[in-house]
Amino acid sequence: MAPTKTIPKPDDKPLDDIFIAVLGDSNSAKAFIKDASGSVPLPNTQLDHINFSIPFPLDAYNIQLVQMKEFKVSDTQNDADLLNTLAALVATLHMRGQSLRGVIFLLSLASPRIGGTAKANLDILSKLCDKSGFKNTVFVTPKWSSAIKSYSNRELELKKVYLGKYITAGAQYFRHHDSTGSAKAILQALLKVSWVPLHLQTEVVEGGNLIAKSGASLKLQNDLLTKLKNEMEKKEQEDDEDDQDERRLFQDRFFQLHMEKTDLLWGLAASSDIENEFYKMKKLVLEYSTNFFISVFGDSQLATNKFIELLSGSKMDSANNVQASAEVALGGKHFRLVNMPSFLGNACEADTLNNIASYLAALTLGDHKLVGLIYVYEGSSTSGINLEMLKEIAGTRAMKNLVIAAPAANYSVSQPPLASEAQVIEYNSQLKTSAEKVIRAVSKISNGFKSGLLLRIQREVVHNKTPVADTTAGLKVQALLMEKTQGVEKQLKDHLYKKDHYKGDHVKRKLEIKTAILEFQIACIKQSGKFGAFKDLLMEFENDVSVANAIKQLEAALNKTPTHFPGRFRPSGRLANLYNAHFHEFGNATDLEGAVKAYDEAIKNIPADHPDLPELQLALSKALEQRFEIFGQQSDISKALDSCREAVQMFTNKRSLKKAIALHALGTMFRQKFQRLGETEDIDNSVDSFNQAIFHLEGVNTTSAHGMDILLGDLCGSLILRGKHINSAPDIDKGIDAINKVIPSLSINHPAYCMLKNQWCCAYAEKAKSLKSMTYVTEAIIAGEEAVAKSGHNTQEAHYLANLGTAYFYRYELQTEKHKTSEAKSDLEDAKLCFKSAAYCESANLFVRLKAAKEWAKCTFMRNKRPLKAFKCGVHFLPRIAGLALPIKEQHRRLGEIGTMVGDAVAAAADAKDFSLAVEWSEQGRSIVWTQLLQLRTQNHDLQKQEPKLASELQRLSIMLQKLALEEDSSSSALAVSLNLAPKKDKVLQSPEGLAEEWENLVLSIRKIPKFHYFLLPKKVEELQAAAGIGTVIIINAQAKQCDALILHRSAPIDHIKLRITLGKAKKLQEYLASLLSDTGLQSRGMLKDVKNDSVHGVKTVWEWFPDGETKNQDPLASILQILWERVTMPIIKKMKAQKNLARLPHIWWCPSGPFAFLPLHAAGLYNKNEDCIRNYFISSYTPTLSALLNTSTSAPSGTVKILAISQANAQGQAALPKTEEEIAKIQTHANGLSVISLGGSKATVDSVAKEMQECSWIHLACHGVQRVDDPLKSALILHEGKHLELQEIVKMNLPKARFAFLSACQTATGDKQLTDEAVHLAGGMLLVGYQGVIATMWSIQDHDGPVISDLVYANLLQKKQPDHKRAAKALHLAVEHLRKEKGAPLLHWVPFIHIGL
């Protein structure tokens, strides 16, 4: 029964408050406090590690016991927080003129921990109290009546062995008989002793020392180092005494405990240090592209959320912290609205200010402009504190730029903190136009200053290096906290003298108020900065304590150890593990290179029968798998699979846990390979591996349920993938069966909860799709929502969101079929929001985000809205997907997975009448790889003049990245060989990824220089339209529902035409043309079969696709040209109002995309009695991009023309080309004294041709060529002995003199069907290396036609004193006209000749 409490009457003198700490075993402490106060201590919701009892009177005092949690020793974070809180409590009481009067430490005789955790706590207690402080310490053995019967001899041992030195120093010892009287007697004995302050108070509060340097803190740190020493000694005892060399290799063990020590220090610093918050905020700031920020403050987070959501349409989180919305565009500017947290008048004000200060500091250091302040005013109870704090944060000067959004009722705001110059705008929280009015007011104010606002707190924290606690706003927070504390104390005083103080709620109310006082005061102490900033303290560890340093030490030790030294595999394995850990922490691919190399060495040196070998094989396979994920090298995944298979075979025990783990890894690798390459065999192997892993795991007695759940989830994932791939309903059912074994018992605390819920979502969604079941799809949505809710913004969040969006979309389709319109609209909106959120997940896989952006666009379009935002997001990903750090082959492979996204984006912009945006997106989606290589090759002379050091560094990095892109092996070791580099001493060679990041950062820094703000950014339409300065450019965009033509004129607005052809029909034409060329044998120069008898069926087929054509031409190629004429070129001619003028034909450039890149637009026409064709209206050229024309049109004029003429009449393994030598003779005939270097026959070797290309400005190649469909970069010109001059080698060349190339070979302008917009052909490679104009062929030409065309082309180009390759398009046009009209050549003979570039 609780003791009777003596409550002071109104005329009594108030009792003095006494605080006593109770430490030791948690249960014993609670029992003691209950015995003393009458109730157990109530848990505290605000302060960790500390609970307060109900106050109770004792003698002349009002006692409040404070239960402190135990120091755990092994948990450094817990101990740091506990010590920090204890110090804050001591400082708080000191501030109030009080103190922690004493310490009661409970030690149970029955506890086996006296020599363990309890002893460790005693040691720390000795540092907290020191010798003098033990006078105020009482040791208590609880439950004495029962303990004495069983442990009669332990009391003597306890007092003599463990407590002797403390009792000698003045501590008291008591037995507690588990009664109120016993507890109070112990407290009274403690109160009789004269008070001596705790040593911790003397150190931290009175001495002003950092808590991390207090005796208690140093004790915790020394314990960690002792632990290290013990582990080292234990390890040395395990090893042979003669293994002196090997012992030197265990220095990496220091790293682990040093990191624990660092964690401890960070824990101690967390309450007052701004660094943690700052780095989070810096990331939040830098991830947005706009430079114009507006900070939105307000009475509450709800008010500011509503304001931003109204403008941006983006849903804001309800958490009271800094958040950034989507961009808001007004008045030609793009603003980023930043939701600032509100001050709530509680103990969290310090955290709120740190949050705000961190963000504003990051904004300043990120070179972003804060252009305005908005305050959303509601006239609530928190208006006063928030307006006061805003004034302290911003400063008087910045308050002049404040715009207040106030409702009509509060329009005349007259709060004291407001500057008189602040502008007040009437604001209706339901109207977007009202919010836009506020933004316009901010924009108008911002026009008056270009440098942006600098708030007072930004100046103090960033420029003056002032701790947040000492800023003007920080001091204001302290004052507010103290004011609040005093107010609560007054409440307590008033409450004590109320007439109703005898009522039953008195004690509870008193405790609430008193606890509130402590909360505010401790918060105030933490904010005050008396514990200091720990940055300097941590700096001493930064260089000496890190994974990188451990790697360095181990590598140094290994370098001193003979390669044949027994046991060398152990440190090699540890080194690999450290590299692996460093990779997972920082994501630098260099670490993967180090891990793979170290694992390889360990495996090489380990005995074949050593039990650690399979573990090393498995670790190596995982490192190789991760490298494959980054660089896409098939050799890596092949080696990973081989290594993992070996590990599986080495685990010989039947049904072993390790074998199950290895099989699980094998299944994951097969699945990843399938997802990259799409081979059915791989997904079959993945399913088999997971099934075998489950079999082995079922036989393990100690199997973790979590492990089995994860295996079943992964099996489900692979079964669903296979089911979708081969359209197998049984696989979907098996996947559902697998996941159903997990779901019934799945707990929200399961480590793979999100993954398993996501698999459930995917499985049920696929089942719903096949059965058209609302039940299954609803289950899928519920599971998907749970996966997303628990994901916590991890790297898989986008994947989960995308799958949830797919489930919503399936249900939308089902609802639509059932005519449930309103429900369907809601599902479509939810699907769109899921895909949109997935697209914006910064940490997610780019392909997942790109796919999500495409689906977002699709949903938006289906809602009858324009999906431009979605496509903007998707187009932005394209260069990043290609990736500067990847070899070209992998860049092309990745771009091949993009599909029709660019065409869809351009079509959407055109449909929205935003033709400028359509042109920009078309440009950004073409020749991405070539464009990136050109950026690396381009030297900016203006930058060289203004910033020569930056220009030189940019050129150095660009050269390295070029060589890297053109290497087939993307590893760091391959890079070192390619660049003839060796890593510097004690420094690992930089990874490809690191080089790319360094290049990108350098470019960003260049953009900060005046006049270089748009350096290497995608060109705007104003720049692109300059390409039409030399002639009209016609962009042909291919899209599923419509194809468009965008016509760029020199100065007129962009014209647009919707063409009467779809992407599907254009592909049919492409396929038909490819079939025709295959049937005619036009794969090699000089080869042509007669296919007249086989042509009728093909013609009938093509006209079935286009039934409304005019005259049905029976010639196979003529039918294609007629369709192109009627559906593409003739509408363009009419739009341009072009007239026939054969004497003076204008020059146009075609810039086709998709299948149009393979179709002869330059020859479109009717070739019958009423002949009419594009050739009667224009001279046609092609260009892969608009930038290609800009680059060539602005290049310096060539000097003396020097021609390299190459022929290969009898290449090994190829048909003879006797007319090629005649071609070369024709060129020499027209040379007129120009230098012509002729390489024919055995002289035309790969090396000699490559050498002469360096010196000659023009090149003519009359030989066989080959287009490699399986590997476009292997496409080549065939020279002497059948050797290939490959496209991959051509693009490596640097040819500053190059101007014009004539590729009189087969298929020199035939691209890759999977990369239609990438110009991956020989002619495109020639443009890349510097040739401004190229004559090439779309398919193989006839050998006897080569000399005819060459003769006429060079006669035209060289007829004047100054040869000019810019006449090449006209010269080719005239030559082809001669061939077709004078020579009567059929279509297949003359159509393949085309001109590209200038």
Side-chain angles (χ1 to χ4, degrees), residues 923 926-927 930-931 933-941 1019 1023-1024 1026-1033 1048 1050 1147-1151 1162 1179-1206 1227 1234-1236 1252-1261 1277 1287 1290-1305 1308-1309 1319-1337 1350 1353-1354 1356-1358 1360 1362-1373 1375 1393-1398:
E923 183 71 6
R926 294 171 185 268
S927 297
W930 282 174
T931 299
L933 276 174
L934 278 172
Q935 285 183 337
L936 295 175
R937 292 184 173 195
T938 302
Q939 294 188 33
N940 191 293
H941 298 292
K1019 294 181 174 63
E1023 295 177 83
L1024 295 173
I1030 54 175
T1032 301
V1033 181
L1048 275 72
R1050 181 175 303 176
H1147 193 174
I1148 64 170
W1149 276 262
W1150 297 100
C1151 191
H1162 66 285
I1179 294 172
S1180 291
S1181 290
Y1182 289 87
T1183 182
T1185 63
L1186 299 175
S1187 297
L1189 292 179
L1190 291 173
N1191 294 336
T1192 53
S1193 61
T1194 58
S1195 58
S1198 59
T1200 303
V1201 172
K1202 186 175 182 180
I1203 304 173
L1204 174 61
I1206 299 162
I1227 296 172
L1234 292 175
S1235 175
V1236 178
E1252 293 298 338
M1253 287 174 72
Q1254 302 286 333
E1255 301 299 325
C1256 297
S1257 53
W1258 289 20
I1259 183 173
H1260 184 98
L1261 287 151
L1277 298 162
L1287 176 58
I1290 291 173
V1291 296
K1292 291 180 182 179
M1293 297 179 181
N1294 181 23
L1295 307 174
K1297 298 179 181 180
R1299 291 297 178 269
F1300 172 64
F1302 192 140
L1303 307 182
S1304 183
T1308 51
V1320 190
H1321 45 64
L1322 291 166
M1326 292 303 223
L1327 287 176
L1328 174 66
V1329 296
Y1331 291 97
Q1332 298 176 6
V1334 180
I1335 290 176
T1337 58
S1350 298
V1353 166
Y1354 285 102
N1356 193 310
L1357 293 180
L1358 303 176
K1360 297 181 180 180
Q1362 182 59 45
D1364 188 359
H1365 72 273
K1366 294 180 182 179
R1367 297 196 297 269
K1370 182 177 180 180
L1372 179 63
H1373 181 90
F1393 290 99
I1394 62 170
H1395 176 261
I1396 307 174
L1398 286 182

- Message: If I take atom NZ from residue K1370 and atom CG from residue D1364, how far apart are they, to the nearest 0.5 angstrom?
- Response: 11.5 Å
- Message: Rounded to the nearest 0.5 Å, what separates atom CG in L1327 from atom CD1 in I1396?
- Response: 6.0 Å
- Message: How long is the straight-line distance from CG of L1372 back to CZ of F1302, given to the nearest 0.5 Å?
- Response: 6.5 Å
- Is there side-chain contact between F1300 and L1357, with heavy atoms separated by less than 4.5 Å? yes
- Task: Report yes if some heavy atom in the side chain of I1335 is under 4.5 Å from a heavy atom in the side chain of V1353; otherwise report no.
- Result: yes
- Message: Tell me if a side-chain donor or acceptor on E923 pairs with a main-chain N or O of S1187 at a distance below 3.5 Å.
- Response: yes
- Query: Would you call L1303 and T1337 a side-chain contact if the rule is heavy atoms closer than 4.5 Å?
  - Reply: no
- Can you find a heavy atom in the side chain of Y1182 that is under 4.5 Å from one in the side chain of H1162? yes
- Query: To the nearest 0.5 Å, what is the distance between OG1 (T1183) and CZ (R926)?
  - Reply: 9.0 Å
- Heavy-atom nearest pair, K1019 first then E1023, reads CA-OE2, 3.7 Å
- How about E1252 and I1259: do any of their side-chain heavy atoms sit closer than 4.5 Å? no
- Message: Taking G1397's backbone N and O only, do any of them form a donor-acceptor pair with Y1331's side chain (distance below 3.5 Å, no angle check)?
- Response: no
- Heavy-atom pair with the smallest gap, counting every atom of L1024 and L1190: CA-CD1, 4.2 Å
- Message: Please report the interatomic distance OG(S1235) to NZ(K1202), rounded to the nearest 0.5 Å.
- Response: 5.0 Å
- For the residue pair I1203 and C1256, establish whether any side-chain heavy-atom pair is separated by less than 4.5 Å. no
- Query: Run the side chain to side chain contact (heavy atoms under 4.5 Å, CB included) check on M1326 and L1295 step by step: do they pass?
  - Reply: CA-CA 10 Å; M1326 292 303 223; L1295 307 174; over 6 Å; no
- Item | Any side-chain heavy-atom pair of I1030 and W1149 under 4.5 Å | yes
- Item | Residues in side-chain contact (heavy atoms from CB on, under 4.5 Å) contact with A1205, at least two apart in sequence or another chain | I1224, I1227, V1236
- Message: Is any side-chain heavy atom of S1180 closer than 4.5 Å to one of I1148?
- Response: yes
- Task: Could you walk me through whether K1297 and E1255 pass salt bridge (charged side-chain N to carboxylate O under 4.0 Å, His left out), step by step?
- Result: CA-CA 7 Å; K1297 298 179 181 180; E1255 301 299 325; 3.1 Å; yes
- With F1393, which residues qualify under ring-ring contact (aromatic ring centres under 6.0 Å, His included), at least two apart? none
- Note on the structure: Distance col, row T1200:OG1 vs L1234:CG, nearest 0.5 angstrom, shows 8.5 Å
- Query: Ring centroid separation for Y1354 and H1260, is it under 6.0 angstrom?
  - Reply: yes
- For A1369, check side-chain contact (heavy atoms from CB on, under 4.5 Å) against everything at least two apart and list the hits. H1147, I1179, S1181, H1395
